[in-house]
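Take a look at the structure set out below.
These figures come from a predicted structure and were not determined experimentally. What's counted below: heavy atoms across the whole structure, side chains too, no hydrogens, waters or symmetry copies. Along the sequence shown, residues are numbered consecutively beginning with 1.
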Amino acid sequence: MPITVQSAETLALNVLGWLVGNDELLPIFLGSTGASTEDLRIRASEPEFLNSVLEFLMLDDSWVIAFCDANSVPYDLPGQARAVLSGGDVHWT
């Protein structure tokens with residue numbers, strides 16, 4: 001069953017909160033996205049920004065696993081949420 005846009009946005013906000021609390025990953029996220037800590041607050045309601053949060057998380061399987069384990073979320077849910085927020089599946093090949 002596909003998740004809703006609202007559920008995808010909620011999950012992305014949870015990922016953002018998890019990133020903010022992660023002293024090792026937050027600087028990597030900020031550096032790779034060019035976002036500032038102020039942007040995190042200002043842009044947290046923008047679907048495009050939330051999609052970038054999910055895309056960042058999905059760069060590394062260990063990050064996905066760590067987030068999902070910490071939040072009791074199925075491992076495939078961040079990918080489903082990213083697909084919803086980006087408007088469909090992204091094929092990398």
Next on the checklist: Are Phe56 and Ile28 packed together at the side-chain level, in the sense that at least one heavy-atom pair is separated by less than 4.5 angstrom?
Outcome noted: yes
Item to check | Distance-minimising heavy-atom pair for Pro74 and Cys68 | outcome: O-SG, 3.6 Å
Item to check | Verify same cluster id: Leu54, Ile65 (apolar side-chain graph, 4.5 Å) | outcome: no
Checklist entry - So Leu40 and Phe29, side-chain contact (heavy atoms from CB on, under 4.5 Å) or not? Walk me through it. => result CA-CA 11 Å; Leu40 301 181; Phe29 173 74; 3.7 Å; yes
Checklist entry - How close do Ala81 and Ile3 get, heavy atom to heavy atom, and via which atoms? => result CA-CD1, 3.5 Å
Checklist entry - Are Tyr75 and Val73 connected in the hydrophobic side-chain network, where two residues link if heavy atoms are under 4.5 Å apart? => result no
Item to check | For the student: nearest non-hydrogen atoms of Glu9 and Pro47, plus distance | outcome: OE2-CG, 3.6 Å
Checklist entry - Is Ile42 close to Phe49 at the side-chain level, that is, under 4.5 Å between some pair of heavy atoms? => result no
Checklist entry - Can you check whether Gln80 reaches Val84 side chain to side chain, under 4.5 Å on heavy atoms? => result no
Item to check | Backbone of Leu11 reached by a side-chain donor or acceptor of Asn14 within 3.5 Å | outcome: no
Checklist entry - In terms of hydrophobic clustering (I, L, V, M, F, W, Y; side-chain heavy atoms under 4.5 Å; direct or indirect links), are Leu59 and Leu77 co-clustered? => result yes
Checklist outcome for this item: Between the OG atom in Ser36 and the CZ atom in Arg43, the distance rounded to the nearest 0.5 Å is 9.5 Å
Item to check | Separation of Leu85 CG from Glu48 CD (nearest 0.5 Å) | outcome: 9.0 Å
Next on the checklist: Would you compute the distance between atom CE of Met58 and atom CZ of Phe67 and round it to the nearest 0.5 angstrom?
Outcome noted: 12.0 Å
Item to check | For Trp18, the option from Val53, Leu26, Leu57, Leu13 that meets side-chain contact (heavy atoms from CB on, under 4.5 Å) | outcome: Leu57
Checklist entry - If you draw a 6.0 Å radius around CG in Asp23, do more than 12 non-hydrogen atoms from other residues or ligands fall strictly inside? => result no
Checklist entry - Quick one: does Ser7's side chain get under 4.5 Å of Thr4's, heavy atoms only? => result yes
